[in-house]
Amino acid sequence: DTGVSQDPRHKITKRGQNVTFRCDPISEHNRLYWYRQTLGQGPEFLTYFQNEAQLEKSRLLSDRFSAERPKGSFSTLEIQRTEQGDSAMYLCASSQSVGLEFFGPGTRLTVL
Amino acid sequence: TQLLEQSPQFLSIQEGENLTVYCNSSSVFSSLQWYRQEPGEGPVLLVTVVTGGEVKKLKRLTFQFGDARKDSSLHITAAQTGDTGLYLCAGADYGQNFVFGPGTRLSVLP
């Protein structure tokens with residue numbers, strides 16, 4: 001197992017388009033988190049799954065954002081009708097115990 | 001809303017020097033993590049501290065959690081160029097929402 005993977009690593013899209021990102025956590029980890037990081041800032045919490053259940057969602061996660069983890073393994077984050085303010089690095093992390101143990105490399109989204 | 005502040009925001013030092021960076025909040029955290037992040041990559045976990053007053057050492061890095069579990073420090077002895085990066089602290093309340101500080105950007109010059 002090589003750690004948390006995310007796909008794609010980079011995405012450029014036009015305003016108004018929908019985008020979907022994928023995260024594959026470390027296989028035995030039941031906790032999965034999505035964070036967003038803009039330039040010069042620390043990551044901001046978006047949502048948290050324990051197995052397939054989405055247990056927490058940030059108020060940052062507007063109705064244009066949806067996340068799923070259908071079988072408790074990989075997760076997807078979809079952004080509908082993208083806006084320029086959505087441009088950021090989207091980070092996924094997985095964990096088996098206390099804390100955010102392992103982050104993926106992130107997906108950098110640029111909305112033109 | 002819990003907020004974490006980190007200081008200094010930027011730090012540039014020569015190789016071999018010692019340094020300390022700080023992470024402060026007015027809120028109590030059940031645990032606190034320190035991470036190092038390089039450009040274009042995700043953060044890498046360095047340490048988790050859970051007990052007030054706890055001190056953990058990781059080679060040249062020493063982490064301390066404040067007695068009241070509201071603040072933490074990271075001390076690096078004899079910094080190396082490989083220590084260059086963004087140092088982030090993150091605190092957890094009793095849920096799963098980990099709040100990050102804005103980071104300290106460290107540059108170690110040869």
Side-chain angles (χ1 to χ4, degrees), chain A residues 2-10 21 23-26 29-51 53-61 69 88-110, chain B residues 1-10 21-25 27 29-51 54 56 58 63 65 69 72 74 85-107:
Chain A
T2 56
V4 181
S5 61
Q6 292 188 245
D7 184 69
R9 292 291 309 271
H10 303 273
F21 310 140
C23 170
D24 286 273
I26 294 171
H29 286 185
N30 56 9
R31 299 180 183 186
L32 186 146
Y33 305 78
W34 285 99
Y35 275 75
R36 178 174 70 184
Q37 186 176 26
T38 52
L39 214 59
Q41 300 296 320
E44 295 174 298
F45 172 76
L46 292 179
T47 192
Y48 157 67
F49 290 86
Q50 181 147 338
N51 299 312
Q54 188 175 20
L55 296 184
E56 285 191 50
K57 273 174 65 169
S58 166
R59 282 170 291 179
L60 289 174
L61 215 65
R69 194 182 182 196
M89 174 79 92
Y90 289 83
L91 294 162
C92 174
S94 76
S95 178
Q96 202 172 19
S97 63
V98 174
L100 300 163
E101 290 184 288
F102 296 96
F103 276 90
T107 294
R108 179 162 295 286
L109 173 66
T110 302
Chain B
T1 303
Q2 296 177 317
L3 290 175
L4 275 171
E5 297 177 343
Q6 291 190 246
S7 60
Q9 190 176 358
F10 300 97
V21 298
Y22 300 92
C23 174
N24 296 288
S25 175
S27 302
F29 292 103
S30 62
S31 67
L32 195 137
Q33 289 79 43
W34 283 93
Y35 298 83
R36 187 167 73 93
Q37 185 177 26
E38 298 195 26
E41 298 295 329
V44 175
L45 179 64
L46 297 174
V47 77
T48 298
V49 286
V50 297
T51 305
E54 183 175 3
K56 279 194 174 178
L58 191 69
F63 304 87
F65 200 15
R69 289 184 288 136
S72 182
L74 159 58
L86 179 68
Y87 287 82
L88 294 160
C89 64
D93 59 15
Y94 292 90
Q96 291 296 321
N97 179 354
F98 293 87
V99 177
F100 280 82
T104 291
R105 189 163 297 282
L106 173 65
S107 180

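Chain naming here is simple, since letters A, B, ... match the order of the sequence lines and numbering starts at 1 in each.
Minimum interatomic distance between B:Leu88 and A:Gly42 (heavy atoms only, all atoms of both residues): CD2-CA, 4.0 Å.
Aromatic ring centroids of B:Phe100 and A:Phe45 lie 6.0 Å or more apart. The distance between the ring centers of B:Tyr35 and A:Phe103 falls below 6.0 angstrom.
Residue contact with chain B, scored on non-hydrogen atoms closer than 4.5 Å, involves the side chain of A:Tyr33 exclusively. Only the side chain of B:Gln37 comes within less than 4.5 Å of a heavy atom in chain A; its backbone stays farther off. If you measure heavy-atom distances from B:Gln33 to chain A, the contacts under 4.5 Å come from the side chain alone. Only the side chain of B:Leu86 comes within contact range of chain A, judged by heavy atoms closer than 4.5 Å. Only the side chain of A:Gln37 has a heavy atom closer than 4.5 Å to any heavy atom of chain B.
B:Pro43 has its side chain within reach of A:Leu91: a pair of non-hydrogen atoms, C-beta onward, lies under 4.5 Å apart.
Summarising the local packing, CD of A:Gln96 is surrounded by more than 12 heavy atoms from other residues, nucleotides or ligands at distances under 6.0 Å.
For the pair A:Arg9 (side chain) and B:Gly40 (backbone), a donor-acceptor distance under 3.5 Å is present.
Interface summary for chain A: among B:Pro102, B:Gly103, B:Ser31, the most heavy-atom pairs under 4.5 angstrom belong to B:Pro102.
With sequence neighbours excluded, the residues that form a side chain to side chain donor-acceptor pair (under 3.5 Å) with B:Arg36 are B:Glu38.
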